[in-house]
Amino acid sequence: MKQSYYPQEIEKKWKKIWEDNKVFKTENDNGKPKYYALSMFPYPSGKLHMGHVRNYTITDVIARFKKANGFNVLHPIGWDSFGLPAENAAMKHNADPEKWTDENIAYMTEQLKMLGLSYDWDREVTTCKPDYYKWTQWIFLQLYKKGLVYKKEAAVNWCPDCGTVLANEQVIDGKCWRCDSEVEKKYLSQWFVKITEYADELLKDLDLLKGWGDNVKTMQANWIGKSHGAIFRFPVVDAPSGEKMEVPVYTTRPDTVHGITYLVVAPEYKDIEKLTTEENKQAVEEYRANARKMSEIERLSTDRTKTGVPLGTHCKNPFTGEIFPLWTADYALVEYGTGAVMAVPTHDTRDFDFAKKYNLPMKVVIAPEASLPNPLPEGARELTAAYTEEGVLVNSGEFNGMKNTEAKKAITQKAVDEGFGEFKTQFRLRDWLISRQRYWGAPIPVVYCDKCGIVPVPEDQLPVLLPKDVDFSVVGKSPITTSPTFKDTVCPVCGSHATREMDTMDTFICSSWYYLRYADAKNDKECFNKDIVNKWLPVDQYVGGIEHAILHLLYSRFFTKALRDCGLLNFDEPFKNLLTQGMVLKDGSKMSKSKGNTVDPDEIFENYGADTARLFILSDSPPARDFDWSDAGVEGCYKFLNRVWRLVSSNAENINLNYSLSSNLAKDNDDLVRTVHMQIKGITNDITNEFQFNTVISKYRELVNAIYDWQAKKSELNEEDKNVLSFAIVSMLKLMSPVAVYLTEEAWHELGADGSIHDQPWCEWDENLAKSSSITLVVQINGKVKDKIEVDAEISKEDMEKQALSSQKIKELTDGKTIVKVIVVPGKLVNIVVK
RNA sequence: GCUCCAGUGGCGGAAUCGGUAGACGCGUUGGACUUAAAAUCCAAUCGGGCGUAUAACCCGGUGCCAGUUCAAGUCUGGCCUGGAGCACCA
């Protein structure tokens with residue numbers, strides 16, 4: 001066995017052997033219980049970055065650990081390969097985005113293999129290939145059949161730089177999630193997926209996800225945004241047309257209904273023109289035009305003072321008979337609730353601001369109980385801010401004196417009884433806009449027939465292939481529109497002329513079901529076989545970045561539920577456990593090309609080897625926390641692996657893989673055996689418990705240090721020593737094998753083993769041997785540590801107390817004081833309470 | 001504003017149940033080996049009392065202030081700071 005560690009050589013050797021022999025191939029059934037370990041699949045951007053390395057190493061170690069523990073492990077990989085970067089690259093060079101994508105995939109595949117990841121490459125999926133997107137389109141059609149896909153004209157988010165619309169989830173702070181440009185509003189006819197139909201279940205089932213962090217679950221819950229309230233319909237008393245109209249509002253504060261002093265409709269409110277008087281028309285039109293022009297960011301800014309104009313018409317409050325004016329103001333959102341808001345300035349901060357500005361009346365209807373009977377004696381205008389806390393109703397007729405929490409129900413009930421309102425649950429979640437005016441995505445499988453209108457493409461005509469005869473040099477429109485052959489087709493129903501839908505699907509559609517396809521990746525008859533998917537899913541452990549907390553994870557949950565209701569699978573949630581790994585930082589900030597603080601994985605492989613990269617990326621921080629990359633840390637890990645290698649190579653002749661341990665060992669040998677058992681236990685528990693790889697790695701170091709220390713005391717090894725050393729080193733190699741995949745494999749073979757260390761079962765420990773033979777008894781006085789005594793581990797409670805009290809030091813310190821109480825914690829400490 | 005997460009040495013971090021705070025590593029300092037360097041090995045490394053060394057000892061210390069307890073990094077209440085998400089959602 002070579003004395004020096006030579007990672008570059010051994011890693012290349014084993015990479016090829018593993019690849020040639022497909023050692024990580026997974027059968028659908030091998031009699032063992034299943035375990036599905038999944039990393040969020042990458043976008044083939046060109047090269048792996050350290051975030052990938054971290055993500056995939058974590059999942060790989062989990063997969064290997066589970067395999068060693070007797071599971072049939074599914075650990076697949078694929079490519080989220082539709083999307084804008086490929087198209088932008090293609091436009092820049094007027095080349096095919098497929099070529100760019102293929103080249104990147106080829107390069108990154110080599111990197112993944114170099115990193116020693118145990119993927120079953122036979123299950124690789126690539127979302128931009130027809131054998132995949134055929135089924136994406138097929139699923140679209142199933143959702144269409146179920147009424148979960150529809151087309152409508154709507155105000156949508158438009159990114160001018162990407163030249164396409166975006167889903168709500170893809171607008172971050174009013175900017176495009178991808179390119180950071182300010183998003184504009186446009187009115188377009190677009191395809192939507194009815195995710196709102198599942199809002200309630202998506203919220204409720206978060207409770208099923210015990211293996212998800214609260215942070216992600218809360219983010220999703222907030223995004224879905226369920227609220228309970230009421231709809232009230234207010235009759236319009238002076239509609240210009242004379243017709244009978246009413247304005248419905250949604251409110252979560254039905255208890256404040258007696259305090260309404262005006263009503264606001266959104267500038268885009270559908271009936272707004274019919275609610276505007278002739279004399280107010282011009283001002284209203286100007287206001288609406290101005291609102292349209294404003295960017296999303298301007299409009300949503302909460303610092304902005306509120307503006308609005310009166311419509312000139314009025315509504316009647318059926319509770320009080322009061323007549324109040326209608327206004328339009330852009331603080332009312334057309335997409336939420338009914339698009340109209342009842343305004344109670346005394347009990348809503350926004351209404352308060354608005355009423356102050358336009359000098360609108362205020363009426364107190366909720367008062368803190370302590371302030372009664374005179375909540376606000378002379379005039380509501382004395383209020384300096386809206387009172388939004390709980391309280392008791394005042395100025396509210398029959399409801400006076402009622403607690404506002406009860407009044408919510410009572411008042412809504414009255415509206416129900418009298419026919420002008422109802423209880424209402426409202427969600428913040430909007431439907432998912434999935435059309436994109438771009439080329440590099442799955443074409444939406446729909447045609448527009450001159451006679452029949454919208455016609456879905458029949459399933460036997462799938463896939464609708466992306467045309468190749470396109471011009472990528474066009475500006476300002478989707479390249480797909482330049483194809484001379486794509487647009488025109490015939491209607492599958494009536495045979496007349498029809499045109500194809502030119503929009504492609506949001507790539508998040510493609511990534512909403514890829515984890516299902518892995519179970520049955522090569523199926524060309526169906527998107528996946530139901531039984532196989534039901535067998536493998538849900539994913540037992542999903543690992544990926546927190547940036548998908550809402551986007552991908554919400555979409556995928558929705559897809560699973562929708563596909564369940566299409567009868568394609570029979571579980572409710574796709575990802576049982578979710579680990580959101582932290583970011584990889586350098587010098588305290590996120591690695592990015594613009595900051596120039598990136599570290600290229602290839603260089604690390606070249607200089608130190610993949611094992612060092614794997615070890616280091618797991619070592620310094622727990623997986624969920626951000627990880628600060630340091631060159632010194634890499635160096636340290638490399639040195640540690642050298643140290644491990646030297647330990648094995650310098651002892652190669654002394655190590656016998658068929659060692660046998662007698663039960664009666666010399667003291668130092670017994671101690672080492674105990675240390676090994678202790679570390680097996682500790683490492684196993686650390687992996688099982690939240691995947692604390694950082695402490696796993698410190699335990700590797702402790703184990704290695706212990707073996708070195710043991711050895712330093714031996715001038716010559718007898719038979720027993722050799723057996724103990726063999727046990728220690730074999731255990732060490734097995735424990736390290738999920739992380740240092742190459743080094744342990746090479747050492748395993750150099751020690752004369754047949755087969756792969758990666759097929760070895762995980763180490764077991766003996767509970768009795770996993771503790772040391774003696775313990776340090778801590779003696780405290782009044783909770784402060786005063787002495788430490790080495791005692792036998794099996795010491796009784798009584799003896800602990802006796803030993804503690806007989807300690808010379810304790811005697812001195814307790815001299816002349818009264819011992820009130822003695823607390824004995826078995827195996828740990830004795831606390832003496834004195835006065 | 002609302003929601004969630006976090007705060008421990010010079011740094012990353014450790015500490016199943018409330019029970020020795022600072023494991024393991026990085027860095028730093030000193031030493032061994034070497035002609036020298038690299039590599040390797042050994043030792044020290046929370047602060048204060050403390051001042052020349054050595055040894056010992058004592059006190060304080062996990063963002064801040066209280067509380068519960070024999071005992072608090074850990075539990076409770078109230079703050080402060082940082083990060084993340086949502087946000088004119090009625």
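A note on names: the letters A, B, ... follow the listed sequences, proteins ahead of strands, and every chain is numbered from 1.
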Rounded to whole Å, how long is the line connecting atom [atom1] of [X] with atom [atom2] of [N]?
X	N	atom1	atom2	value
A/L829	B/A21	CG	C1'	14 Å
A/K306	B/A90	NZ	C1'	11 Å
A/L618	B/C24	CG	C1'	15 Å
A/K226	B/A90	NZ	P	14 Å
A/K788	B/A21	NZ	P	7 Å
A/I810	B/U20	CD1	P	16 Å
A/D214	B/C2	CG	C1'	17 Å
A/K797	B/G19	NZ	P	17 Å

Problem - Verdict with supporting geometry, A/K226 and A/D200, salt bridge (Lys or Arg N to Asp or Glu O under 4.0 Å) - result: CA-CA 8 Å; A/K226 185 177 184 173; A/D200 226 348; 2.8 Å; yes
Practice task
Identify, with sequence neighbours excluded, every residue that meets salt bridge (charged side-chain N to carboxylate O under 4.0 Å, His left out) alongside A/E767.
Solution key: A/K681
Handout entry: Partners passing salt bridge (charged side-chain N to carboxylate O under 4.0 Å, His left out) against A/D671 (at least two apart in sequence or in another chain)
Key =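 Once residues adjacent in sequence are excluded, the partners of A/D671 under the salt bridge (charged side-chain N to carboxylate O under 4.0 Å, His left out) criterion are A/K667.
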Practice task
Treat primed atoms plus P, OP1 and OP2 as sugar-phosphate and everything else as base, then score nucleotides 9-17 of chain B 5' to 3': B for base contact with protein heavy atoms under 4.0 Å, S for sugar-phosphate contact only, - for none.
Solution key: ---SSSS--
Problem - Contact state string [nucleotides 69-86 of chain B, B base, S sugar-phosphate only, - no protein heavy atom under 4.0 Å] - result: -BS-------------BS
Practice task
Tell me, with the steps shown, if A/V247 and A/V265 meet side-chain contact (heavy atoms from CB on, under 4.5 Å).
Solution key: CA-CA 9 Å; A/V247 179; A/V265 301; 4.3 Å; yes
Exercise for the section: Whenever both distances are under 3.5 Å in a Watson-Crick or G-U wobble pair, mark it; put RNA chain B into dot-bracket that way, with [ ] for crossing pairs and | when the partner is on another strand. Expected result: (((((((..(((......[....)))((((((.......))))))((((.......))))..(((((..]....))))))))))))....
Given the [atom1] atoms of [N] and [M], what is the spacing between them in whole Å?
N	M	atom1	result
B/U28	B/A84	C1'	35 Å
B/U74	B/A21	C1'	11 Å
B/A66	B/A72	P	15 Å
B/G9	B/G60	C1'	15 Å
B/C24	B/U34	C1'	30 Å
B/U8	B/G22	C1'	8 Å
B/G13	B/C26	P	16 Å
B/U76	B/U69	C1'	12 Å

Polar atom pairs (N or O), protein with nucleotides 56-58 of chain B, under 3.5 Å:
none

What residues, two or more places apart in sequence or in another chain, satisfy ring pair (Phe, Tyr, Trp, His ring centres under 6.0 Å) together with [X]?
X	answer
A/Y6	A/W645
A/F508	A/W177, A/Y555
A/W223	none
A/F234	A/F324

Practice task
Could you tell me whether the side chain of A/K788 reaches within less than 4.5 Å of the side chain of A/L777, counting heavy atoms only?
Solution key: no
Handout entry: Heavy-atom check, side chain of A/Q3 versus side chain of A/R646, under 4.5 Å
Key =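 Sidechains of A/R646 and A/Q3: no contact.
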Applying a 4.0 Å non-hydrogen cut-off, can you work out what [X] is touching in the nucleic acid: base, sugar-phosphate, or nothing?
X	answer
A/N705	sugar-phosphate
A/V785	sugar-phosphate
A/K639	sugar-phosphate

Completion exercise
Per the glycosidic torsion and the 90° limit around 0, nucleotide B/G67 is anti
Problem - Where the chi angle of B/C50 falls, syn if within 90° of 0 and anti if not - result: anti
Exercise for the section: Look at the side chain of A/N831 and the backbone N and O of A/G783, then say whether any donor-acceptor pair between them is shorter than 3.5 Å. Expected result: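 Answer holds: yes.
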Exercise for the section: State whether the side chain of A/R288 and the backbone N or O of A/P267 hold a donor-acceptor pair below 3.5 Å, judged by distance alone. Expected result: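 At least one qualifying donor-acceptor pair exists.
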Handout entry: N/O (side chain, A/R701) to phosphate O (OP1/OP2, B/A23) under 4.0 Å
Key = no
Exercise for the section: Output yes when at least one side-chain N/O atom of A/Y331 is less than 4.0 Å from OP1 or OP2 of B/A90, else no. Expected result: no
Problem - Of A/Y708 and A/S630, the one whose closest RNA chain B nucleotide lies more 5' - result: A/S630
Handout entry: Of A/T776 and A/R430, the one whose closest RNA chain B nucleotide lies more 5'
Key =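 Residue closer to the 5' terminus by nearest nucleotide: A/T776.
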Show me the side-chain donor-acceptor pairs of residues 253-261 of chain A shorter than 3.5 Å, one per line, residues at least two apart or across chains.
unit_1	atom_1	unit_2	atom_2	d
A/R253	NE	A/D255	OD1	3.1
A/R253	NE	A/D255	OD2	3.3
A/R253	NH2	A/D255	OD2	2.9
A/D255	OD2	A/N404	ND2	3.0
A/T256	OG1	A/R253	O	2.8
A/T261	OG1	A/P361	O	2.9

Exercise for the section: Identify which nucleotide among B/A90, B/C4, B/A23 has an atom closest to any side-chain atom of A/T218, counting heavy atoms from C-beta outward. Expected result: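 Of B/A90, B/C4, B/A23, B/C4 is nearest to the side chain of A/T218.
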Practice task
Measure up the A/H552 and A/H548 rings against each other and bin them: parallel (under 30°), tilted (30 to 60°), perpendicular (over 60°).
Solution key: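 Plane angle over 60°, so perpendicular.
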Side-chain donor/acceptor pairs under 3.5 Å, residues 613-624 of chain A, sequence neighbours excluded:
unit_1	atom_1	unit_2	atom_2	d
A/R614	NE	A/V739	O	2.8
A/R614	NH1	A/D60	OD2	2.9
A/R614	NH1	A/L115	O	2.9
A/R614	NH1	A/G116	O	3.1
A/R614	NH2	A/D60	OD2	2.6
A/R614	NH2	A/P738	O	2.8
A/S619	OG	A/F616	O	2.7
A/S621	OG	A/D626	O	3.3

Practice task
Compute whether any side-chain donor of one residue and acceptor of the other, for A/Q220 and A/R557, lie under 3.5 angstrom apart.
Solution key: yes
